[in-house]
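Residue numbering restarts at 1 for every chain, and letters A, B, ... go by the order of the sequence lines. None of these values were measured; they are calculated from a predicted model.
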There are 2 protein chains.
Amino acid sequence: MKSFLLSLFFFIQFGIGYCQIELKINKVRLNNSIQKLSTYGKNEAGGSDRVAYSEYDREARKYIKDLMIKAGLEVSTDFAGNIIGKKAGLNPALKPIAFGSHIDEVPNGGDYDGPVGSLSAIEVVQTLSENNWPTRHPLEVIIFTNEEGGVIGSRALAGQLSNEALKIKSSSGLTQYEGIKAVGGNPDRISELKRNSGDIAAFLELHIEQGGNLDREGIDIGVVEGIVAIEWYEFTFKGLANHAGTTPMDMRKDPMLPASRLVLAVNEIVNSFDGAQVATVGKIEAFPGAGNVIPGEVKLNVEIRDLSSDKIHQVYQAIEKKAEILAQESGTTVSINHIEVASKPALANPEIQKVIESSAKELGLSSKYLPSGAGHDSQEIAKFAPIGMIFIPSKNGISHSPQEYSSPEDISNGANVLLHTILALDQKLSSNN
Amino acid sequence: MKSFLLSLFFFIQFGIGYCQIELKINKVRLNNSIQKLSTYGKNEAGGSDRVAYSEYDREARKYIKDLMIKAGLEVSTDFAGNIIGKKAGLNPALKPIAFGSHIDEVPNGGDYDGPVGSLSAIEVVQTLSENNWPTRHPLEVIIFTNEEGGVIGSRALAGQLSNEALKIKSSSGLTQYEGIKAVGGNPDRISELKRNSGDIAAFLELHIEQGGNLDREGIDIGVVEGIVAIEWYEFTFKGLANHAGTTPMDMRKDPMLPASRLVLAVNEIVNSFDGAQVATVGKIEAFPGAGNVIPGEVKLNVEIRDLSSDKIHQVYQAIEKKAEILAQESGTTVSINHIEVASKPALANPEIQKVIESSAKELGLSSKYLPSGAGHDSQEIAKFAPIGMIFIPSKNGISHSPQEYSSPEDISNGANVLLHTILALDQKLSSNN
């Protein structure tokens, strides 16, 4: 019996290795389902108002569940409202390979951020089912609850969703608590959802890039190195508020000057480091903020993102040093407030990155390694499981906008990479066991 | 009879020329009255809440009227609530020499901006009266209504106070219309107040400098060249709002960069011209103004002040040119909106300026010519009469603040210059007739 199983094992492994690259998702069906999903909540401006928990979202969830059932998944809704679809594997002892994304959008959002990964996940299972293609690991498709409003569903799985967070109002007008109830969850039992290290063999998410790197360079597939950490710092320059008419230029202590110089310095400093780190001044305000008063105070917000918290700290330190020099030179003072929005970096599993890269290669697709500057459900799953993310090009890097667009070809490429990454991991991870 | 009058005329003229410099105001009495006035509306922070039309203002007006009556003035309140005090001259055919200021303050203001000129005006008449010192011209002391809230009383005399302006709420909570009624005016008849060119022989106003030029340079008296014009321009840089995490540094069109460069350029450009012109960026805002969004738009306000509208235009043109270059270099666009707050320059009469300068000199006081960067009632009176303004030092140039301070010595110097300027003009203007 043992030698029979071993023979079967090698046969399947060889068979898959030999012909699995011929297996492809159905491009037309996938893109049709993305178009169909986009009709739930389409507004007059051409954008999507399918915010989480809204009537549009609830209707769309029914559509998604139907598709999942048709694909051969056993579908349920967990306490956090995540839609879970399960398909058994050949070896029930193995932990599932999970994959998925979200279908909710920001207000007046687009049709691709979330839907591409969600519908590709279902299409992958549909493709496997109709080809009677078995996997050793169980498969689990997860359509997460309210990604855009704070990665709610994935945080629940990571055991990071507090009762406080449930009281926060979402874009739908409902609190998270009310919203989760409205989509069939049970917010009072969310703590029971927490998954532990080892509960999932691997988690994969296909997503549009949101940045413009792949589109600009004409590359098919992004192998995501991880989801960047984010740090916020508020700089306050204080000078002396004074009469804009009666105070000669050489008697001013105008904090607008060092603040403006710091904006330029932030740009120069972040560019002076090698790497993909970014820094942004998205907010600036002068106080009292009247046209006829030299400001007494100027506040500005500096956001820094990178995969490495160390790199962020190095950039910050250079900015901090410059701010102090600028204050001193202008006779003003500066104070810095580190704002707690900090999200830690979520690194993708290096082995999974390599599998994504070789899957793309085998499919004849170009790829490049890059970080994700935006947050994703994967960052929460990374807290208890090895993750991998696959990016496809997003036209002009536009996202969260009705102008968001990825081509049917790029979507189909991404879904095929997802399919073959799952199949390769299915072999690789079970050989490791 | 004619030769008798001529002899009298020469006698008085010679007599005045010979001994008038000995005539001095009473320094102790003047500073005591300033201290007494400061008790009306003093708040716990040491500031003055004597805003126009408030109960404090109304009580203070009674005190002022009493002082004026004691000084020998015939006191009335005009339709705009201005307190008018008249003293006959030797020649009733001559038009009055008028002088005065205001006693209202900004909320939490100081004790000197307005009171110094108002109480010095009364002290000058008191001094003339108790010395039986005659003037040829009638004298007219004017304590203007609500200077801080829009030079209301002086605008009424210039025929510039519209019915619309009367509907505006003042710091007291009352509209201008209600406030003027509350202080004994008749807002329905304000149009009858309009004075015409030639109605006043000259108008003089003593005031604290508000800027720090005299204090810093240790100069006793400022001979005001005029009240500067003010122009406001709103610059809007437009780039492309984008995701602060996913947009690489070299793919951004961030309007914060040219906006910051323009702030620095405004400073450099205004300093590159000779003269006392000033320019201020008191207001800046990024849109949408979130820490995690590269702004799509940054608006900033540039105010330019100078005595010469031509100079303002030259400075503006240099800034405009620079803004266009900065926009081009950064791949953004800039639009400029000229905001209608424009107040035209109000030039002081050159002859009166010379008389102020020589009065200071005869009193042994140092003086310098300088513009007024702040607005004053005199700017309205300049629309129909020759004006002169006398500045005294304001400690550290602070005004509109509980920290506002001018020394008893400086105040007394200013009042003596006012007195002797009136006496010199009284001779000079009647010789001209």
Side-chain angles (χ1 to χ4, degrees), chain A residues 209-213 216 228 230 232 234 242-252 254 256-257 259-264 266-267 270-271 276-286 288-295 298 300-303 305 339 341 372-375 394 397-400, chain B residues 209-213 216 228 230 232 234 242-252 254 256-257 259-264 266-267 270-271 276-286 288-295 298 300-303 305 339 341 372-375 394 397-400:
Chain A
E209 186 200 345
Q210 300 190 258
N213 290 291
R216 181 172 49 159
V228 299
I230 305 175
W232 280 26
E234 185 184 62
N242 221 328
H243 194 296
T246 62
T247 316
M249 297 308 293
D250 61 350
M251 285 180 74
R252 298 178 173 210
D254 182 354
M256 274 302 297
L257 300 177
S260 299
R261 289 199 175 94
L262 190 68
V263 170
L264 302 175
V266 165
N267 201 257
V270 76
N271 285 327
Q277 67 285 342
V278 291
T280 305
V281 179
K283 217 170 160 183
I284 186 166
E285 199 173 358
N292 56 358
V293 181
I294 302 162
V298 176
L300 57 94
N301 189 92
V302 177
E303 186 196 84
R305 298 195 190 204
I339 299 171
V341 292
S372 171
S394 180
I398 295 170
S399 70
H400 289 185
Chain B
E209 186 199 344
Q210 299 190 257
N213 289 292
R216 180 173 49 159
V228 299
I230 306 174
W232 279 26
E234 186 185 60
N242 221 328
H243 195 296
T246 61
T247 316
M249 297 310 291
D250 62 350
M251 286 182 69
R252 298 178 174 211
D254 183 353
M256 275 302 297
L257 300 177
S260 299
R261 289 199 175 94
L262 191 68
V263 170
L264 302 175
V266 164
N267 202 255
V270 74
N271 284 328
Q277 66 286 341
V278 292
T280 305
V281 178
K283 219 170 158 181
I284 187 165
E285 201 174 354
N292 57 357
V293 181
I294 302 162
V298 177
L300 58 93
N301 189 92
V302 177
E303 184 195 86
R305 299 194 190 205
I339 299 171
V341 292
S372 170
S394 179
I398 295 169
S399 70
H400 289 185

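In terms of heavy-atom pairs under 4.5 angstrom with chain A, the leader among B:Ile398, B:Val263, B:Val298, B:Ile294 is B:Val263. With respect to chain A, the highest number of heavy-atom pairs below 4.5 Å among B:Leu264, B:Leu300, B:Val266, B:Val302 belongs to B:Leu264. With respect to chain A, the highest number of heavy-atom pairs below 4.5 Å among B:Leu257, B:Val293, B:Asp254, B:Thr247 belongs to B:Leu257. Contact count versus chain B (heavy atoms, under 4.5 Å) is highest, among A:Gly375, A:Ala276, A:Gly212, A:Gly397, for A:Gly212. Counting heavy-atom pairs closer than 4.5 Å to chain A, the top residue among B:Glu285, B:Lys283, B:Glu303 is B:Glu303. The most heavy-atom pairs under 4.5 Å with chain A, out of B:Ala279, B:Ser399, B:Ser372, B:Ser394, come from B:Ala279. Of the listed residues B:Ala244, B:Ala286, B:Pro288, the one with more heavy-atom pairs under 4.5 angstrom with chain A than any other is B:Ala244. For the options A:Gly291, A:Ala259, A:Gly211, A:Pro248, heavy-atom pairs under 4.5 Å to chain B are most numerous at A:Gly291.
Between B:Thr246 and A:Glu209 there is no side-chain heavy-atom pair separated by less than 4.5 Å. At least one side-chain heavy atom of A:Arg252 sits less than 4.5 Å from a side-chain heavy atom of B:Val278.
In this structure, the portion of B:Val270 lying under 4.5 Å from any heavy atom of chain A is its side chain and not its backbone. Residue contact with chain A, scored on non-hydrogen atoms closer than 4.5 Å, is absent for B:Val228. Heavy atoms of A:Ala290 lying under 4.5 Å from chain B belong exclusively to its backbone. Contact of A:Glu234 with chain B is not made at all, since no heavy-atom distance falls under 4.5 Å. Of the atoms belonging to A:Asn292, heavy atoms from both backbone and side chain fall under 4.5 Å from chain B.
Atom OG1 of B:Thr280 and atom CE of A:Met249 lie 6.0 Å apart (nearest 0.5 Å). Atom CG in A:Asp250 sits 4.5 Å away from atom CZ in B:Arg216 (nearest 0.5 Å). The line from CD1 of B:Ile284 to OG of A:Ser260 is 5.5 Å long, rounded to the nearest 0.5 Å.
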